[in-house]
Amino acid sequence: MESVIGLLANREQAESLRRALAEAGIRETNVVIFDRQAGQTLMDELEDRGLEETRARLYAQAVQKGGVLVAAEAEKAEAALTVMNRFDLTSPEALLQGEHVERAQSVEEELHVGKQTAVGGKRLVTSVQERQVEMPVTLHEEEVEVERTRENHRLSPEEAGRAFQEETVELTATSERPVVSKEARVTGEVALRKRAVERREVVRDTVRRQDVDVETIAERKVGPTREA
């Protein structure tokens with residue numbers, strides 16, 4: 001089976017073409033009419049019938065513009081083409097009236113460098129530590145010693161009267177004891193000071209660029225599919 005397609009301006013002409021194809025001996029089930037309701041499936045259908053993707057897209061856009069496409073399958077394409085040529089067929093370019101434009105964009109990235117403020121600095125943290133300290137000190141101390149001596153002499157009556165009297169004799173001695181006191185003294189100071197400086201830094205990154213080149217597509221045959 002060979003596939004033949006024809007593009008018409010409206011549905012009424014498409015129905016007339018289908019009846020004419022049936023009268024020419026082509027089975028009615030082998031004739032399909034595509035209108036705007038076909039949507040994206042039309043492009044897939046035309047590619048399945050042998051059209052190139054670009055050409056199939058043009059026909060699909062023409063149908064979305066309001067055209068009606070008639071696709072017929074026949075054992076011999078010549079018979080179907082003869083019938084279609086009796087009708088006012090149009091091309092997708094004519095129906096689109098030059099509105100079809102394929103575009104490709106040239107894209108290039110630009111590198112922009114900005115500045116962001118970051119906050120940082122230094123912090124002073126005090127800590128308390130203890131250590132053992134030894135310091136020598138000289139202490140003066142007095143001691144009371146008891147000294148006993150033996151005596152053997154006679155007392156006069158007056159001395160004897162005074163001797164037998166109660167009395168207390170004392171002798172005091174002084175001694176020094178260490179006394180500890182602590183005094184806090186400043187031995188140093190750490191200050192934080194802020195100053196403004198500027199530095200220059202080179203920022204390196206990769207940017208992309210997309211160019212558009214124009215190539216000519218070589219013509220090639222598409223099997224049995226023919227345009228009427």
Side-chain angles (χ1 to χ4, degrees), residues 1-114 203-228:
M1 300 291 287
E2 296 180 347
S3 180
V4 180
I5 60 174
L7 184 64
L8 298 104
N10 53 61
R11 181 81 183 196
E12 182 179 355
Q13 293 179 0
E15 293 291 349
S16 298
L17 176 55
R18 179 161 60 178
R19 289 193 294 271
L21 290 170
E23 292 173 358
I26 299 175
R27 297 177 58 182
E28 185 175 352
T29 56
N30 291 342
V31 180
V32 183
I33 296 178
F34 297 97
D35 55 15
R36 189 174 298 172
Q37 296 179 352
Q40 178 62 32
T41 58
L42 175 57
M43 183 174 173
D44 298 335
E45 176 71 21
L46 294 177
E47 288 188 66
D48 291 341
R49 290 175 180 265
L51 260 69
E52 293 182 352
E53 179 183 355
T54 303
R55 200 67 183 164
R57 183 182 295 108
L58 274 177
Y59 273 101
Q61 291 175 346
V63 171
Q64 288 298 316
K65 185 69 176 177
V68 180
L69 184 71
V70 178
E73 288 186 345
E75 294 182 359
K76 293 184 179 181
E78 295 296 334
L81 285 174
T82 300
V83 175
M84 286 188 175
N85 287 332
R86 299 203 306 260
F87 289 79
D88 188 15
L89 301 178
T90 184
S91 65
E93 292 85 356
L95 190 60
L96 291 173
Q97 296 179 352
E99 292 185 2
H100 175 72
V101 179
E102 294 289 347
R103 293 184 175 89
Q105 294 181 335
S106 298
V107 182
E108 183 175 357
E109 291 181 332
E110 294 183 354
L111 182 64
H112 299 278
V113 180
V203 178
R204 293 182 176 87
D205 205 339
T206 303
V207 295
R208 296 173 295 178
R209 176 175 176 173
Q210 175 178 294
D211 295 325
V212 178
D213 296 328
V214 179
E215 297 180 353
T216 301
I217 301 175
E219 294 183 356
R220 64 184 181 89
K221 296 182 179 180
V222 189
T225 303
R226 302 181 184 180
E227 298 179 25

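With salt bridges taken as basic N to acidic carboxylate O contacts below 4.0 Å, one links Arg49 and Glu45.
The neighbour count for Arg27 CZ, taken as heavy atoms of other residues, nucleotides or ligands under 6.0 Å away, does not exceed 12.
Between Ala72 and Leu21, the shortest heavy-atom contact is CB-CD1, 3.9 Å. Residues Ile5 and Ala71 approach most closely at CG2-CB, 3.9 Å, considering heavy atoms. Pairing each heavy atom of Phe34 with each of Val63, the nearest pair is O-CG1, 4.0 Å. In terms of heavy atoms, Val68 sits closest to Ala14 at CG1-CB, 3.4 Å. Considering every non-hydrogen atom in both Ile26 and Ala74, the closest pair reads CD1-CB, 4.1 Å. The two residues Val4 and Ala77 come nearest to each other via the heavy atoms CG2-CB, 3.6 Å.
The CD atom of Glu73 sits 10.5 Å away from atom CD of Glu2, with the distance rounded to the nearest 0.5 Å. Taking CG from Leu7 and CG from Leu89, the interatomic distance works out to 8.0 Å, rounded to the nearest 0.5 Å. From Gln37, atom CD reaches atom CD of Gln64 across 10.0 Å, with rounding to the nearest 0.5 Å. Residue Glu12 holds its CD atom at 9.5 Å from CD of Glu15, rounded to the nearest 0.5 Å. Residue Asp35 holds its CG atom at 12.5 Å from CG of Leu8, rounded to the nearest 0.5 Å. In this structure, CD on Gln13 lies 11.5 Å from CD1 on Ile33, to the nearest 0.5 angstrom.
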| task | List the steps and the verdict of side chain to side chain contact (heavy atoms under 4.5 Å, CB included) for Glu108 and Val207. | result | CA-CA 8 Å; Glu108 183 175 357; Val207 295; 6.0 Å; no
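Partners of Ala56 according to the side chain to side chain contact (heavy atoms under 4.5 Å, CB included) rule, which considers only residues two or more places apart in sequence or in another chain, are Met43, Leu46, Glu47, Leu51. Annotation: side chain to side chain contact (heavy atoms under 4.5 Å, CB included) contacts of Ser91 (sequence neighbours excluded): Glu93, Ala94.
Remark: the Arg57 side chain and the Thr54 side chain contain no N/O donor-acceptor pair separated by less than 3.5 Å.
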